[in-house]
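Quick note: residue numbers are just sequence positions, from 1. Please read all numbers here as calculations on a predicted model, not as lab measurements. As the structure lists them, so they are numbered: ligands from 1, and atoms in each ligand from 1.
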Amino acid sequence: MAGVVAYKDGSGRPSPVVSAYRLRDGVYLNLTNRCTLRCRFCPKFHGLWTVADARLRLRVIDEPSSTALVQAALEAGPCAEYVFCGLGEPTTRWPELLAVSAALRATGTPIRLNTDGLASLVHGRDVVPELKGLIDHVSISLNAADETTYERLCRPGRPGSYAAMLAFAARCRMYVPRVTLTAIEGLPGVDIDACARIAGDLRVGFRARPLESTDGRSFRVR
Ligand code: SF4
């Protein structure tokens with residue numbers, strides 16, 4: 001894969017698919033496009049594959065190695081945090097996620113994992129203790145205050161996903177300094193106040209976030 005950091009050079013040429021990209025004050029890492037959910041609100045299901053001018057569409061065969069991800073992160077320069085996030089679920093590549101986190105620890109920069117919270121379900125074991133000392137903040141997509149709404153919006157491939165995600169969040173509280181549940185404002189059927197109460201019951205943080213159109217175009221979610 002040529003090039004690792006997204007930038008505008010004024011040439012008019014499309015930037016390469018990137019392993020790391022800058023967004024706000026963070027450097028975001030693009031591990032994979034594979035996912036355990038098929039969220040109706042996901043930009044990739046609306047044909048949108050860029051974030052902050054960074055092209056994120058990866059074939060499995062092009063997924064960057066741990067070494068390439070670390071190199072891309074470091075080449076992006078100093079930042080306030082590293083974030084595992086992309087148009088796919090970072091925990092799909094669990095060994096690489098841990099290896100990259102361990103390598104980036106040396107920078108002293110905080111590391112956040114944005115996840116759907118299904119890693120333990122998918123990998124068939126409780127993986128949360130493996131995050132200890134490697135991840136500073138886990139942000140988990142709650143997305144809905146009840147299983148029916150979650151399944152309608154997120155279309156999980158595995159039964160029991162909603163309960164598994166909540167259990168993952170509760171476990172993270174024991175091994176990761178900061179845990180946040182998130183839900184998107186304005187989606188049909190999503191009760192943001194009820195989502196916030198679930199986070200409160202779990203004694204973790206909560207953030208309501210806007211539905212972001214990643215390249216400036218908008219799309220509708222039904
Ligand atoms: S979990 Fe994230 S990347 Fe995966 S389908 Fe949902 S919104 Fe898209």
Side-chain angles (χ1 to χ4, degrees), residues 6 17-21 23 26 28-52 54-60 62-64 69 83-94 96-97 112-123 127-128 135 137-169 172 179-190 192 195 198-199 206-222:
V17 175
V18 299
S19 303
Y21 57 101
L23 182 62
Y28 285 60
L29 298 168
N30 182 28
L31 273 68
T32 184
N33 289 161
R34 289 180 283 156
C35 223
T36 34
L37 299 175
R38 294 187 303 120
C39 304
R40 293 181 186 277
F41 49 83
C42 183
K44 69 184 179 186
F45 295 127
H46 297 266
L48 305 175
W49 289 91
T50 59
V51 174
R55 292 176 60 219
L56 301 183
R57 190 166 196 166
L58 282 170
R59 297 178 302 173
V60 174
D62 291 329
E63 288 179 346
L69 285 159
V83 186
F84 289 100
C85 180
L87 292 174
E89 171 52 41
T91 62
T92 303
R93 299 188 67 200
W94 189 254
E96 291 84 358
L97 169 68
R112 168 162 50 111
L113 166 63
N114 286 358
T115 178
D116 62 11
L118 298 179
S120 293
L121 179 69
V122 168
H123 297 297
V127 297
V128 176
I135 297 291
H137 182 189
V138 177
S139 179
I140 301 166
S141 300
L142 172 64
N143 287 333
D146 63 88
E147 185 171 15
T148 301
T149 306
Y150 179 86
E151 295 206 339
R152 178 176 60 77
L153 284 174
C154 301
R155 299 181 291 184
R158 294 169 187 252
S161 289
Y162 188 69
M165 174 269 298
L166 292 175
F168 183 90
C172 281
V179 182
T180 304
L181 294 183
T182 67
I184 297 174
E185 288 182 309
L187 288 185
V190 174
I192 290 291
C195 289
I198 289 172
F206 177 73
R207 184 170 78 91
R209 57 190 181 92
L211 180 62
E212 290 170 329
S213 170
T214 52
D215 71 349
R217 286 187 281 160
S218 61
F219 54 86
R220 291 183 54 164
V221 180
R222 284 170 288 146

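- Set against the non-hydrogen atoms of G88, the atoms of ligand 1 under 4.0 Å away are 3 (S).
- Under 3.5 Å, the side chains of T115 and E89 contain a donor-acceptor pair of N or O atoms.
- When side chains are defined from C-beta on, L58 counts as touching P64, because their heavy atoms get closer than 4.5 Å.
- L142 is listed as a side-chain neighbour of M165, based on a closest heavy-atom distance under 4.5 Å.
- For the pair F168/D116, no side-chain contact is recorded, criterion being any heavy-atom separation below 4.5 Å from C-beta on.
- For ligand 1, the atoms closer than 4.0 angstrom to any heavy atom of C42 are 3 (S), 5 (S), 7 (S), 8 (Fe).
- Taking backbone and side-chain atoms together, C39 has no N/O/S atom less than 2.8 Å away from atom 8 (Fe) of ligand 1.
- For atom 2 (Fe) of ligand 1, the closest non-hydrogen atom on the protein side is C35 SG, 4.4 Å.
- Of the residues listed (V138, L31, L69), the one engaging F84 in a side-chain contact (heavy atoms from CB on, under 4.5 Å) is L31, and it is the only one.
- Counting atoms of ligand 1 from 1 in the listed order, those under 4.0 Å from a heavy atom of L87 are 3 (S).
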